[in-house]
Each structure stands twice: as structure tokens, then as C-alpha cells.
2 protein chains.
Amino acid sequence: MTTEADHLQVLLVDDDLDVLAANARFLRVNEISVVLAESVSTALQRLTENEIDVIVTDLRMPEANGLAFAEQARASRPLIPIVFFSGFAQVPDVVAAMKLGAVEFLEKPVDPDELLRVVRSVRRTHYGTLANQRQVFDGGGESFSLKMRVLAYEKYVIESSLLQHNGHVADVLNALQINRRTLNDKMSKLGIKRDTLIEQRAGSNNEQES
Amino acid sequence: MTTEADHLQVLLVDDDLDVLAANARFLRVNEISVVLAESVSTALQRLTENEIDVIVTDLRMPEANGLAFAEQARASRPLIPIVFFSGFAQVPDVVAAMKLGAVEFLEKPVDPDELLRVVRSVRRTHYGTLANQRQVFDGGGESFSLKMRVLAYEKYVIESSLLQHNGHVADVLNALQINRRTLNDKMSKLGIKRDTLIEQRAGSNNEQES
DNA sequence: GATATATCGGCAAATTCTTGCCTACCAACA
DNA sequence: TGTTGGTAGGCAAGAATTTGCCGATATATC
């Protein structure tokens, strides 16, 4: 289960093949695997074939626009993070995209470093080894009490934040705007062990960048 | 208190007094009560004095911009729906606003009918769709405090349960294993209005879509 | 009208959570 | 060895939440 825990797979959708190839190359150089799609229909197909973690899509495409694609994508992957990019974006487009739950909206031409930053931050925020807990508070759990679901969610947020900040507690304090003493208490109550979390992450991540 | 159950109160913030007055007049004609503020500090003041349901604010203002205002406003009203408007909005502004949990982002000059529609829809859909709230507690919100994210999640769970049980509070109590008094308090604090929630759901069944 | 059912709010006691202060531990390093 | 930076836990006061009890209101039903 943890064999490919940190292996991030991006679905990159763009009808402009040159841009598509360039962005893909850049991401791959930075150790992110990329699945390509040059149309909405292909993208939907790829989405079912691969274990996609993030969708990065152009907003304007000939066949159907990115918003429509995002809606269809969400049908099968309700919580998948989606990053849009577009040139000449109108405000209503951006608003619509964000309402659809877009994680970011980048302007074309996309700055590769920015793209990389966003994709990586998505990884840290949304995924991790946390998929299990997620199920408790996400959708399904009709049978759990409110308190339990809230606790599960709280745990998820804290663990995410810890991972995101490499176990650096001071940063978590700042990001979550919480008192240190309170965070310590919560972690202890929720059974979050900073060291274990980081070890795991380091272990599955024999390659490191920081 | 309950005499004005469906009575919607809007806090309208704009440093341009002419626009402010014009919009206020239009909203009032349409049976929406309006509280005015021409600066951020005034707005924060008004927010504490009145029972505001929605904030409609300009993004660009001399004293402090709308985003900063929104952040401060959320300190006292964590989940209050905020509508931004602005001329010359840049994509990053819009993205930032939406990430902050904005309900809508309108372009200046604001079409009065559009404004009315948005304000009313806020009432109708009661602080946005569930999917929208999801965005707050799900991935997007790196910038939200733990407390805020937990509240958003709690709200989402409660609203879901209410809808699922047709507004039958007793069933929700049972499903969520929570004390009635506690649920009532939470609903009031989170701005969940059972009646509105159910009305809207009933309305959307036979009525048009939007 | 009565009566039953379901919801909501005020109040206060009991409980839990939050936070500041102080101490302690550990690792890096001068 | 001593200092610095980052983290964790004990403790107690202060703040907030939870909950039981009471009554109020609204809508059906008899």
C-alpha cells in the first residue's frame, strides 16, 4: 500500500501539443509522472485507466471546455484536485472554476516553476498516507457521530499540515493559527505522533529534496 | 428575532459613496435590508452591531483592501458568505478571493439585477451549495485556520444530515448522536437555518433550476 | 377549544478546551 | 562545556461548550 505512496501522477490536459509536451517534460524532469491528454474525451479515458492524483487542464479547448471536463471528472473522482490554466481568462471563468473546487487558476503562459510548486503543494495538502482516515469524515460515514467525524477531520487536517511542513511544528502552528499547547494536546488526544509521521514519509521517500 | 425569518440583511461596503447609495437603494426596493459602510473599519464595526447575513464588498478600497477586510470579518463570523466586486480585477485577485471562500465575484460596474440575484441566491442556497462549502474544508483551504476548517466541516455534516432527513431534527439528533440543545446552538452559530434549507430543497424540485 | 408532537430559546451547572508560564529534553554547534 | 533553537509536558486560571430543565410557539388532530 505504501509502496508508491509519494509517487505523484498528474493528468495534463491541453489541446496545444507543444505546450503539452513542454510542460510534461518539465514535470517529469522534476520527478513527477505525467499522463497526457490532448482532448477532453481522451482525458476522461486516461482518468479511468490511471491512478491520477491531480488534474491540470486548460480551460479553453475546442471539443468541450475545461469546466465541462472538470464536472465530468468529478463524477468519478469527486475530490480530485484540479488546477486550471488559461490565457485571456475572464473573471466569470475563474469564478466558475473556483466554484467547481479548483485548487488554483494559473494564467497562460504558465510559468513552469509555478506549475511545479502548485502540483507539489497539492500533493502535500490533499494526499499522503491519509486516504484511510479520509473515508471516515468524507462522504460515506453516515453511521458516525458528529463528534467522531469532526475529530477524524481534525486529525486529518493536522496530519496533512504536519506532512506539508515536514514535521516542522512551528510552521503548523502558524498555518493552522493555533496555540502550541493546544496543538500538542490535540495531537496527543488524537494519537498523532510527529516522529512516526515523518519517519514514514521519509521511508517511503528514499529520495528527498529538502 | 424570529419575526424576520426570511428577512435578509446585507452589509454593503464600498468607498464610492454614489455607488454605495445606488446599490443600497436598489436592494432596499427589492425588500432586502442593507447596512452601509464606506470603509473597512466602519464595516467591521457594523458587523458587530447588526445581524448581518451576507457581506458585499468592493475589493479595492483606500484604507485596506477587501481581502484583508474579509479576513478580519471572518474572525468574528467564520463562515459568513462574502461577495466581492471590483473593476479591473486580475486573475490572482479573483483566485485569492475565492480561496478565501467568496461566494461570488462580480465585475464593476455591478449590474443591479445581477447583484440582487446573487444576494438572493445566497439566501436561497443558504451560504452556497454543499459542494461549495466542501471547498473550504477540503483541499483548497491552506489559508484557513484549523478552527475555521473544522467549523466548515461541522456545518457541512449537519446540513447534509438535515437534508438527508428532510429537516427532521429528531432524526438528525439520533444520527449524529448529539444533544438537541447542542445541535440548536451549533446551528445558530454556524448560521444553519432549518426552514430555509428545506424550503430551498423543496423549491428546487418543481421550480426551475436557476 | 383541547391535546399531542416537534421545534426552539433562556438559564445555570458541569465539563471540557484553551492558553500562558515554567520546566525539561534533545540536537547542533561554538 | 555552554549556548541556542525547536519541541514536549505539568499545572492552573480563564473561556467556551455541553447538557438538563423549564417554558414558549407552531402545527396538526381529536
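Residue numbers start from 1 in every chain, and the chains themselves are labelled A, B, ... in the order their sequence lines are given, proteins ahead of strands.
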Taking atom [atom2] of [N] as reference, at what distance in whole Å does atom [atom1] of [X] sit?
X        : N      : atom1 : atom2 : result
B:His168 : C:dT7  : NE2   : C1'   : 10 Å
B:Leu146 : C:dT18 : CG    : P     : 9 Å
B:Asn184 : C:dT7  : CG    : P     : 9 Å
B:Leu183 : C:dT7  : CG    : P     : 10 Å
B:Leu162 : C:dA6  : CG    : P     : 16 Å
B:Lys193 : C:dC8  : NZ    : P     : 13 Å
A:Gln177 : C:dT18 : CD    : P     : 15 Å
B:Ile178 : C:dC8  : CD1   : P     : 13 Å

Any salt bridge linking [X] with [Y]? Criterion: basic side-chain nitrogen under 4.0 Å from a carboxylate oxygen.
X        : Y        : answer
B:Asp113 : B:Arg117 : no
A:Asp14  : A:Lys108 : yes
B:Asp93  : B:Arg60  : yes

Span of DNA chain D in contact with chain A (heavy atoms, under 4.0 Å): D:dT7 to D:dC11
Quick check: does any side chain N or O of [X] sit under 3.5 Å from a backbone N or O of [Y], one acting as donor and the other as acceptor?
X        : Y        : answer
B:Ser188 : B:Asn184 : no
B:Asn30  : B:Phe26  : yes
B:Ser161 : B:Val157 : no

Any side-chain heavy atom of A:Arg46 sitting closer than 4.5 Å to one from A:Ile52?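 Not in contact.
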Toward the 5' end of DNA chain D, which comes first, A:Arg181 or B:Lys186, by nearest nucleotide? A:Arg181
Less than 3.5 Å between a donor and an acceptor, one on the side chain of A:Arg180 and one on the base of C:dG20, is that the case here? no
Any side-chain N or O of B:Lys147 below 4.0 angstrom from OP1/OP2 of C:dC17? no
